[in-house]
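The analysis underlying the following values was restricted to heavy atoms, covering all of them including side chains, and did not include hydrogens, waters or symmetry mates. Below, read A as the first sequence line, B as the second, and so on, with proteins coming before strands; counting in each chain starts at 1.
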Amino acid sequence: MSVHSKLKAEGQSVKAGLSATVPTMNVTRIHSFQQDVAFYLPNCSDHIQKIIHGTKKFYEQSMLAEIGPLLPETPTVADVGANIGNHSLFFAKVIGAKVLAFEPNPEAFSILEANVALNQLTEEIDLHKIGVGSSAGRGEINNVSDVNLGMAKVVAAEEGAVEIQSLDDVLGSQHVDLIKIDVEGMECEVLKGARGVLERCKPLVIAEAATLEELSGIEDLLRPLGYRKVQRYNDTPTFLFQYGFEPRAAEESYTGNILKSVEGKMPKTTGIYAGMATVSGNEVALRAAVTSLLPQVDGLFIYLNGFSEVPSFLRGFDKVKCHLDPDGTRYGDAGKFWGLGQVRDAIYLTCDDDILYPKDYIARMTQELADCGGQSVICVHGSLLIQPLENFYANGARSVLHFANELIRRRQVHVPGTGTCAFHSAVVDIALDHFAAPNMADIWLTKFMAEKDIVSFAVPHRKGWLLPLKVTRPTIYEASSNASKGAYDTSAKQQSVLNEMLPLSVAKPNAEPSVVCLSLEKDSNILSALKELPVAARDPILFVLCDAVTDDLRARIAQSSYNWEVHLVGRNQTQAAHQKDLFAQLAPAASFWKVERRRLVADEAVQDLSDWQAQT
Amino acid sequence: MLDTQSIPQLKCIVFMPARNCEMYAAEALLSLARQNHEGIFVVYVDDASEDQTGQIAQHHLNSLFPGRHDYIRNNEKLGKSRNIWEHLRPRAKSAEFIAILDADDRLEDPTILAEMASCYADGQDVVWSNFFTDTGYKGQNSALDPARSPRVQGWRTSHFFSFRAALLDNIPESYFKDKNGNWFMGACDVALAIPILDQTRNYAFIPKLAYRYTASNPFSLHNLDQNSVGLNSTLQSGNAQQIMRMKPLPIWTETDCEAKETENGHMHNSVQPSLVAKPDSLATSAQWDAKAVEHLVAAHPNLLMAQAVSTPDLTPLQVLAFKQILQNTSGSVLCLGRDDIAVSLAALLGEHAGAKVTCLVESDQAAAVLEAKADLAGVSQRLVTRKAPRAPRRMGTEEAPFPSVAELEGDGPFSVVVADARGEQNEVAFAVLGLPTLAEHIAITGFHYCALTSDLTKANRVAEGALALAPSLTAFAGALGGTGCVIFANEKEQ
């Protein structure tokens with residue numbers, strides 16, 4: 001049995017706020033990337049409209065799933081050849097981008113306009129009913145087709161009805177992070193008029209090139225600016241172009257070029273280094289992990305647990321510095337922090353010996369770190385605790401944002417996975433002594449962050465960006481989750497350290513948090529209730545009033561796609577003082593909801609946890 | 001795990017030819033760096049790339065193979081064959097074995113070079129694995145029979161290919177050039193592998209999908225040619241045909257290393273490999289023919305009448321062979337060449353609803369005669385004719401008048417094609433040309449291309465020509481009652 005939303009059932013508030021141009025017929029609703037998106041699709045013989053209607057997905061969704069995570073937080077996107085708005089809607093609604101959409105074809109533009117209104121994105125998407133070209137002028141639309149609106153293209157014509165402008169003229173000094181161009185063979189004209197913004201902002205460029213001649217024309221324009229092709233997508237070949245960091249001259253270096261691109265955005269930085277801990281018997285995976293990082297860093301520090309000599313393949317690399325720990329019981333996985341004490345004014349990445357890192361790993365992590373001024377810990381793998389916490393490794397203890405899975409937008413996490421972290425050495429100056437017990441580096445780093453008020457963000461990424469490598473030895477996770485009591489089992493110690501830190505919250509001191517309090521009618525209906533909750537914020541905090549905090553309830557939340565900070569409150573259970581305090585702190589900003597006769601309805605706000613527990 | 005075993009650290013050159021592959025260059029080198037074989041030296045040739053391939057390659061070579069690579073940049077495009085001659089051959093003596101990794105591909109198995117090294121330590125001379133493509137297909141590489149010439153066994157050694165370094169020194173320069181003396185610019189893998197394979201029978205096939213072939217690279221030859229068949233462009237197919245016809249190099253012995261190299265020059269068309277298929281003496285015996293007739297007439301009552309009205313000059317065992325092929329197809333049949341065979345084929349079609357024989361005929365008159373014969377044999381519902389006037393058609397060195405296929409639009413795809421070449425002036429050319437000419441009309445999987453020839457020698461040449469054209473196919477000479485040739489895709493691994 002599911003919970004129905006009173007808001008959606010009534011539907012009044014949605015319609016009331018919109019203009020008269022919002023269509024009510026021919027609307028297809030899709031649910032992608034955990035977002036509800038509505039498409040006005042009046043002509044289902046049109047190629048794009050037919051595909052969206054048939055698949056209930058964004059058109060070219062697999063490409064969007066790879067491009068979206070490459071963008072910084074709240075990016076600006078120029079969508080040239082926006083057609084009916086498929087890409088604009090994705091970037092605005094899913095990624096949270098500001099979009100400038102250009103579409104000169106009146107038929108496509110009217111649908112685009114309706115789609116923007118339908119999704120209440122008029123603030124986020126600026127519509128431009130103009131053609132984009134190498135310079136200002138006039139043009140006319142050719143090649144109009146009923147079965148493919150996207151085939152229409154603007155060609156120059158002095159007396160034409162279509163106004164043409166260059167991107168440089170339209171954008172002025174505005175920063176742009178991505179230019180998407182799909183203008184049926186006129187891509188080069190668009191790029192010729194965007195030289196200024198390309199040089200100034202070095203945005204990502206995705207451009208369709210149906211033939212090798214078109215591709216060659218695009219490359220001839222982009223190559224002198226330092227761009228290169230990095231990926232090909234879709235049946236109609238579409239290429240992603242990106243600024244390349246590989247050195248072009250002897251005085252340049254890969255890391256130097258990356259740091260130059262983020263100059264002034266974080267504390268003084270002179271190098272990029274990585275650290276890794278390993279144990280013997282893992283050489284195939286170790287070699288893969290090491291070589292995936294080496295071309296991207298100035299130095300790699302490897303802590304060799306249980307080794308009596310350095311593996312021969314590591315000896316040939318000047319960038320690699322090794323520490324032999326034949327005993328291997330002192331620091332264990334925390335050995336990855338060994339190199340931090342040997343660098344200054346550097347970006348430092350803690351890595352694992354069983355992960356294959358992608359070739360753009362350091363560039364992306366550096367960009368993300370710069371976006372938060374170098375003041376946070378950036379990670380790819382992290383977790384949000386389901387509190388109160390009883391056993392960190394028990395099923396249902398936490399919602400895990402796993403590095404191998406897709407994450408479409410960045411998220412704040414409680415516990416970063418230290419196999420995937422990046423931070424600035426001046427901000428996270430954690431000494432090896434801080435790791436008081438081995439093989440629980442994640443928890444010690446979390447403790448350090450809590451003490452220093454440092455937050456951690458998981459970087460958005462495509463599925464399979466980082467890949468797990470097969471190893472023959474047990475991992476720390478496996479040993480601890482099985483409570484094997486062996487050398488790697490640190491579950492009990494980790495729990496005791498975490499207990500001292502609770503409650504952990506993503507609530508920021510000076511920001512209005514997004515807090516939702518939900519009173520359940522029946523605990524087993526938790527997921528349908530979560531689905532109906534009106535939560536738009538990126539990092540919501542959720543209090544759930546339930547009959548009992550059970551393992552089953554925890555597991556349902558942990559295994560769901562709702563990776564939120566969750567605090568469970570049993571109706572008849574005594575709450576810890578710290579949980580009461582957190583509730584008191586956050587309740588004034590919270591919205592209260594309850595499930596009543598399987599419907600989600602607004603509930604009376606309270607300030608005190610005991611009062612909420614007492615509500616019937 | 002191999003990393004806990006003793007791996008022979010034989011010196012290995014990995015030759016990486018690269019041109020305009022900036023999207024793939026880093027991954028190729030990273031995949032090589034993951035290999036747990038320690039004795040790797042990279043010879044990387046940037047063949048005048050116009051994109052950032054060179055910058056990406058140099059950065060990764062310096063990071064991952066410090067002191068263990070040569071980076072060579074050509075000022076003009078030379079092609080893989082000339083690069084092998086100019087850049088790899090002079091360096092070959094420094095290694096025990098050589099492996100070829102195209103710079104837009106990658107190695108998927110981190111232990112494959114170590115496994116190859118073990119094979120060389122055990123005395124093998126040529127070692128290769130299987131591959132898969134980034135578009136989802138598995139390669140069709142397989143083991144070679146050391147008892148037969150590699151030149152008659154099809155193209156089975158594409159990627160990941162390696163060989164004992166000493167063998168490269170024995171290949172004359174002319175083997176890397178076409179008949180006009182120009183360096184090969186396509187089928188260069190074949191140009192290298194075949195003369196290497198000639199020199200030894202110590203082969204080892206590692207049946208692993210160890211190599212990822214980037215079939216989607218827009219700059220690959222097969223993607224630049226609209227007439228490509230699978231992963232073979234017209235240029236590659238034509239060159240492969242030439243290469244297969246070169247004189248096999250002699251078997252290599254250790255003492256050959258000391259011998260002075262001599263240029264053998266081209267000897268096109270001089271190869272006469274002994275093919276395995278020979279007509280069995282029993283196959284022509286009256287006893288077998290009688291049994292076959294008995295069986296066929298019982299199973300296909302219309303066949304006797306079909307034979308009577310069209311007299312297609314088929315032995316009972318040949319008809320039996322067609323019956324077997326047709327029985328296994330649910331699709332349509334195309335018949336060309338001598339058209340009188342079409343009526344008998346229609347009578348053999350079996351019970352598949354909708355299955356029919358489409359026959360290409362030269363004139364309206366020929367069509368009327370054939371249709372009348374089909375009517376008499378009671379198979380008119382199973383046979384249609386298409387007017388197909390002939391025009392000269394050339395492919396490489398082969399030329400023959402060939403029926404137009406313009407009228408086939410809307411028919412097919414055909415699961416079985418029967419090209420009865422027995423009445424043609426150049427039987428071999430006619431039969432071989434049918435493959436590329438009809439490529440767009442033949443079913444992608446499960447097809448049989450049957451060429452009827454007047455004797456086994458010609459059937460052998462058809463098999464040889466077909467394999468040169470499309471090395472991934474299997475050609476079986478003598479499969480049609482002791483003569484003829486049946487060509488099909490080996491789909492065991494798909």
Inset, instruction - List for me each residue that meets side-chain hydrogen bond (donor to acceptor under 3.5 Å, both in side chains) alongside B:S31, sequence neighbours excluded, and say none if there are none. - result: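 Checked B:S31 against side-chain hydrogen bond (donor to acceptor under 3.5 Å, both in side chains); zero matches.
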
Legend entry - Inter-chain contacts: residues 293-302 of chain A against chain B, heavy atoms under 4.5 Å: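 A:L294, A:P295 fall under the 4.5 Å cut-off.
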
So how far is it from [X] [atom1] to [Y] [atom2], rounded to the nearest 0.5 Å?
X	Y	atom1	atom2	answer
A:F245	B:H59	CZ	NE2	11.5 Å
A:K319	B:N62	NZ	CG	9.0 Å
B:N36	A:L286	CG	CG	12.0 Å

Please flag which part of [X] lies under 4.5 Å from any non-hydrogen atom of chain B: side chain, backbone, both or neither.
X	answer
A:Q231	backbone
A:L215	side chain
A:S312	both

Inset, instruction - Check whether any side-chain N or O of A:R287 sits under 3.5 Å from a backbone N or O of B:A33 as a donor-acceptor pair, and report yes or no. - result: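 Checking the backbone N and O of B:A33 against the side chain of A:R287, no donor-acceptor pair under 3.5 Å is found.
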
Legend entry - Main-chain N/O of A:K229 paired to B:E22 side chain as donor or acceptor, under 3.5 Å: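 Looks like yes, one N/O pair under 3.5 Å.
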
Exercise: identify the closest heavy-atom pair between [X] and [Y]:
X	Y	answer
B:R34	A:A288	CD-CB, 3.5 Å
B:P218	A:L212	O-CD1, 3.7 Å
B:P66	A:G316	CG-O, 3.4 Å
A:R223	B:D51	NE-CA, 3.7 Å
B:Q52	A:Y227	NE2-O, 3.1 Å

Inset, instruction - For A:A210, check side chain to side chain contact (heavy atoms under 4.5 Å, CB included) against everything at least two apart and list the hits. - result: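 Counting only residues at least two positions away or on another chain, A:A210 forms a side chain to side chain contact (heavy atoms under 4.5 Å, CB included) with A:E214.
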
Inset, instruction - Not counting sequence neighbours, which residues clear side chain to side chain contact (heavy atoms under 4.5 Å, CB included) with A:D360? List them please. - result: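 A:D360: side chain to side chain contact (heavy atoms under 4.5 Å, CB included) contacts with A:L70, A:P358, A:R364, A:W465.
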
Inset, instruction - Indicate yes or no: at least one non-hydrogen side-chain atom of B:L30 is less than 4.5 angstrom from one of A:K359. - result: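 In contact.
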
Legend entry - Heavy-atom side-chain contact between A:R228 and B:Q55 under 4.5 Å: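 No. Closest side-chain heavy atoms not under 4.5 Å.
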
Legend entry - Heavy-atom proximity to chain A below 4.5 Å, by part of B:Q58: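 Nothing of B:Q58, per the 4.5 Å heavy-atom cut-off to chain A.
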
